[in-house]
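Okay, structure first, notes after.
The figures here come from the full heavy-atom set of this structure, side chains too, leaving out hydrogens, waters and symmetry mates. Below, chains carry the letters A, B, ... as their sequence lines are ordered, and counting in each starts from 1.
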Amino acid sequence: MSVAQAVMNVAEGPGEEAHLSRRFLYYMSLMREVEDRIERKLYRQSKIVGGVYVARGQEAIPVGVGLALEPEDVVFPSHRDLAIYLMRGVGPRQIFAQYMGRIGGLTGGRDGNMHMGDLKLNIVAIISAIGACVPVAAGAALALKYKGTNNVAVCFFGDGATSRGDWHEGINLAAVQKLPLVLVCNNNQYAYSTPIEKQMACANVADRGPAYGIPAEIVDGNDVFAVHEAAQRAVAHARDGLGPYLIECKTFRMTGHSAHDPADYVPKELFAEWEQKDPIRRLLERMLDSGWIAPEDVSRHYDDLRKEVDAAVEWAEACPYPDPATLLDNVYEPRS
Amino acid sequence: MSVAQAVMNVAEGPGEEAHLSRRFLYYMSLMREVEDRIERKLYRQSKIVGGVYVARGQEAIPVGVGLALEPEDVVFPSHRDLAIYLMRGVGPRQIFAQYMGRIGGLTGGRDGNMHMGDLKLNIVAIISAIGACVPVAAGAALALKYKGTNNVAVCFFGDGATSRGDWHEGINLAAVQKLPLVLVCNNNQYAYSTPIEKQMACANVADRGPAYGIPAEIVDGNDVFAVHEAAQRAVAHARDGLGPYLIECKTFRMTGHSAHDPADYVPKELFAEWEQKDPIRRLLERMLDSGWIAPEDVSRHYDDLRKEVDAAVEWAEACPYPDPATLLDNVYEPRS
Amino acid sequence: MATYLEAIREGIGEEMERDPGVFLIGEDIAVYGGAFKITAGMLDRFGERRVVDTPLCESGIVGAAIGAALMGLRPVAEMQFMDFISCGFDQVVNFAAKCRYRWNAPVPMVIRGPSGGGTHGGPFHSQNPEAWFFHTPGLKVVAPATPYDAKGLIKSSIRDNDPVLFFEHKALYRRVKEDLPAGDYTVPIGKAKVVREGKDLSVITYGSGVHMALEAAEALDREGVSMEIVDLRTLLPLDEDTVLASVRKTSRVILLHEDTLTGGIGGELAARIAEKAFEFLDAPVVRIAAPDTPVPFSPVLEEAFLPNARKVLEKARWLCAY
Amino acid sequence: MATYLEAIREGIGEEMERDPGVFLIGEDIAVYGGAFKITAGMLDRFGERRVVDTPLCESGIVGAAIGAALMGLRPVAEMQFMDFISCGFDQVVNFAAKCRYRWNAPVPMVIRGPSGGGTHGGPFHSQNPEAWFFHTPGLKVVAPATPYDAKGLIKSSIRDNDPVLFFEHKALYRRVKEDLPAGDYTVPIGKAKVVREGKDLSVITYGSGVHMALEAAEALDREGVSMEIVDLRTLLPLDEDTVLASVRKTSRVILLHEDTLTGGIGGELAARIAEKAFEFLDAPVVRIAAPDTPVPFSPVLEEAFLPNARKVLEKARWLCAY
Ligand SMILES: Cc1ncc(C[n+]2csc(CCOP(=O)(O)OP(=O)(O)O)c2C)c(N)n1
Ligand SMILES: Cc1ncc(C[n+]2csc(CCOP(=O)(O)OP(=O)(O)O)c2C)c(N)n1
Ligand SMILES: [Mg+2]
Ligand SMILES: [Mg+2]
């Protein structure tokens, strides 16, 4: 166990909330640290292959939802949900290797960045086509029900995805069949350069719940406790066989769409405004106020985190590229 | 002018409502007569090429809506909206020729049955893929707005279409752009064999209006006056630049999906129940009750209708098939 | 005697008995038994858990099948007409086809349905959409011509651990019949079959083309010309060896398909032959296919559009005289 | 000097000046100027009526473009990456492609965007989706290799009265530059170009392949071998005459494309050559293409995957020694 992880193991004393808050902190800050390293350092050093999409300011969503799940629940993270991987045991080293196109990444260099999946971890890799994962997640939910489990499928997507036909078809199919599907919208108010009001003529993504006869709630996406509680309600609903449940997490994209995008189209004030609502800062304040963590633990935690990430980067940089001789492998199941 | 059309020309006396009712009657009964002839006679005589989809019991929808439009409004009839063609001046003879694959049909034998269009008449031919016409209609609406006209595009579709991604994408796009698009849903409660409750988990198609921030109203689809009034509201809304408007016409498919489908999956009582609500019968009763038509005019009208249809069938049967030497023509614009 | 249609139904039923993870999903397949009645009776036999009627949403259906397949089930998704696969295209070519290569995730699913012309279905109910998928690595594409192969191949397709597109030819559904062996058998994916031995020229074809070729071959026989016919059966992966062996033997080849010419599978076959059997060729490589137009509706136009035995016969005569 | 990217932007801008019915529609094209900045500045020049940012919905965008084109406008729709056209596939192949044939309704629209690999974009941002459309009668498919042609062809595409798919190669956007003539000019759709005369062998190619071939040709020159290069420029309709003339002249041919091999356009070319220039061939018809896999992400894999000048050179040597 790394030192950083120690932050989560509070021997005695603090209650459940404190314990949970430390787990929130660990994953949110680790996600931030890993993504900062990728976007602000490795990308600028040209060590990253392909595009870089980070979720600064949106970490509460994957973390709040992820910690409401069982390992057997099947997740479909989108491109701003890195913490999901961390929570399921994918190490930062594998993530850096993935972003560098090395053999040690989850796809062994076949695909890049957040296109990671591992069936053993019940994580399905997205494809680029935004929204395409929704019907697929419905199908996973169908399979979970078919097999008689009470597990759920959890599909993450952005506000942009809600304009896609696949989004509509997948949710409608799941609703009609009452499939155990939890739908988590990261409404960060932009799809690339397109603000939400140019994407939809209704005020909220959640306003679309009634169109599918499913419950839909709006939650402060920068409050990890709120996200977590909503996720618990959603998961319980789906586990109970009541069908899909939509959570709209209102948040803000504190970066450009990807690392090459300066986001000049976003009014500067919005960044300043949302900076105040940073989910990690808010969490930390609450933890300190409530005595769930001591100030010295915080700084130690961040020191540990940095070390963990340093080591992971080092590992990934030492990791070889895939062997070009494997190029043709695994298009089909190998003949036995 | 055929004798049958005389029913619409009431010299003096009756007011606007009577006049309108006669136009309703003419088109609804002509549509019924043409479709009956196709489905109950020509199809059984193997004179029809390809599938036969009729709209028995649903005639009030295209007629009620169609008579609320200007000739410059662009219509996208679906496969149960034959009256649209009749109202825009396509004669029964051309329709029979179309259904028989003759050169005299609107597509000259290139395509079949209700896949008819004519840009000069501002009618766009659907493609088979259900729902595909919705984004296309949005684009037509965009063009009407672009050109500075105050015309509207009117898109017809069934309940089944509302499950398609294209339906969602097209309406959402039109709503965001506030395009002059009138959406008319023929909710006949089945998509082929699939009852409405297996298609959607909300009670009404109109419940989806709020998902797009557009007005949506439910109307008795078997009451042509009600449909007409709703269409007038919808068209006025769209003409005024207020964006799309959805009308859900509740009705019932009094046949199988197509002529070869006995519809064993539909509870018999439903047919009996909806037979009572037949839109033509209801219209006639009201007309007779209100003195808008005399009983002898009705029977004369039907006699005329039958003659008109007989003559049209005869014409179509005498119409040649397309010349196979033209097979390769018109895939692209001919080079000049 | 089983028709082509019955053979497919039998094959699906047997696989559902054999493997509880096999299930059916599509529009109007359960209560109604499918537009062509392929799945008639399945709801009664297997219940609604395993025979799933969906709303009208091809992308949703294909996507859901992918998701279920990723979870280890074996969905068999019906397209009411294979033409409508264009509405679920992204799911097929980008999601299903690439999972194994990208992240080692198998997608054992079948997408099946009626394709092809000859029933006056017009431009949207008559297409042969196989070439789109033939060009997509990661997919398998199967197109049987006989009841025996249809049954054996649907069973292999369901057992296959990769996504398979299974093109049934609707004009064969009730037209071709044969006795099927009792009990379980499969036909391997990826193996063509020489359905008729010959020595003067080869016709490489599949689906409805096999029947056109057989008809032409009989007429040619009477003229003393012996035509070999190779039924590809699987289009992807392509059984190049069987094709090349036939061409090397006869030195004259016609590539025949009902699908339109340009960009059709005949091109790929021609390329492989012109590269790998070049020295054996005694005459130009000839293609017979539908012309490059949408499928026209009117019977006279459709008749002119579709390849047929007469067209094969004419080309064969020309080729042998070359 | 204009880059390939600037040439396209110039061409679009000129057509918008010329014809008030031309407008742009797509994701992030107005305020942002497009993911690759092709439409940068257009919003300021032409206003939001003519430069329309849409929600994220490719089928909606293509469908809307069709509807507007049917009404007589000339939409130019951008796919942020041409890969995403798979999400609007049905609209392209069934609606746009077939209107004229079915009911005599012209659909004058352009769908354009970046395609191709070499930028480590991975499986979904690097594809060459042209072959799907090449197989669809009613569409035109254009794929320029140079700034001159890119500008001339985008202008012709916008003026064309049929739906045109315009494949830009993203690796060429900023890599190739040339001086463009002042003022209006067009390059005709449907005409290939002999970009280099030669007598020993022909390379038939397009897009990025042209640059690979040119590089290989120079090396071959030093070996005393003279390579002719035909840039197809338009893939559909195919300029068969120019291809066949080159093959008849050199008697040896390499068909080169960046797209994957099986079912790629090389097959069609091979078929036409093997049928119509059979007597002129002195060697097998050879294809060079990407192998049949998804486009891999990691640079070492992508490098192995993509065709390049070295691979062309090797095959050319082999072919000349045949
Ligand atoms: C079908 C499709 N079209 C376009 C794109 C290009 N693209 C990638 S992400 C994106 C914006 C997504 O916005 P949203 O869903 O809100 O997620 P966010 O990036 O804001 O988290 C776009 C347009 C894509 N990946 N897929
Ligand atoms: C995309 C697509 N999938 C399947 C079909 C086959 N199909 C034709 S009509 C139909 C049912 C349509 O139902 P609805 O929209 O309610 O119209 P209705 O026939 O009831 O008037 C189906 C499944 C189709 N035409 N298009
Ligand atoms: Mg967003
Ligand atoms: Mg219906």
Hey, are [X] and [Y] close enough for a salt bridge, meaning a charged N less than 4.0 Å from a carboxylate O?
| X | Y | result |
| --- | --- | --- |
| R37(A) | E35(A) | no |
| R112(D) | E78(D) | yes |
| E6(D) | K177(D) | no |

Most heavy-atom pairs under 4.5 angstrom with chain A, which of E58(D), E27(D), Q80(D), E303(D)? Q80(D)
Among P294(D), G60(D), P123(D), the residue with the most heavy-atom pairs under 4.5 Å to chain A is P123(D)
Report which part of [X] has an atom under 4.5 Å of a heavy atom belonging to chain A: side chain, backbone, both, or neither.
| X | answer |
| --- | --- |
| A30(D) | neither |
| T54(D) | backbone |
| T293(D) | both |
| F84(D) | side chain |
| V31(D) | side chain |
| D292(D) | backbone |

Distance flag, aromatic centroids of [Y] and [X], threshold under 6.0 Å:
| X | Y | value |
| --- | --- | --- |
| Y192(A) | Y32(D) | yes |
| Y99(A) | F297(D) | no |
| Y212(A) | H168(A) | yes |
| W132(D) | F89(D) | yes |
| F252(A) | F271(A) | yes |
| Y265(A) | Y190(A) | yes |

Residue among [options] with most heavy-atom pairs under 4.5 Å to chain D:
| options | result |
| --- | --- |
| H257(A), R164(A), R102(A), H260(A) | R164(A) |
| N113(A), D323(A), D261(A), D329(A) | D261(A) |
| R110(A), H115(A), M100(A) | R110(A) |
| S258(A), P324(A), G112(A) | G112(A) |

Pick one of side chain, backbone, both or neither for Q98(A), based on which atoms fall under 4.5 Å of a heavy atom in chain D. backbone
In terms of heavy-atom proximity below 4.5 Å to chain D, should V331(A) be classed as side chain, backbone, both, or neither? side chain
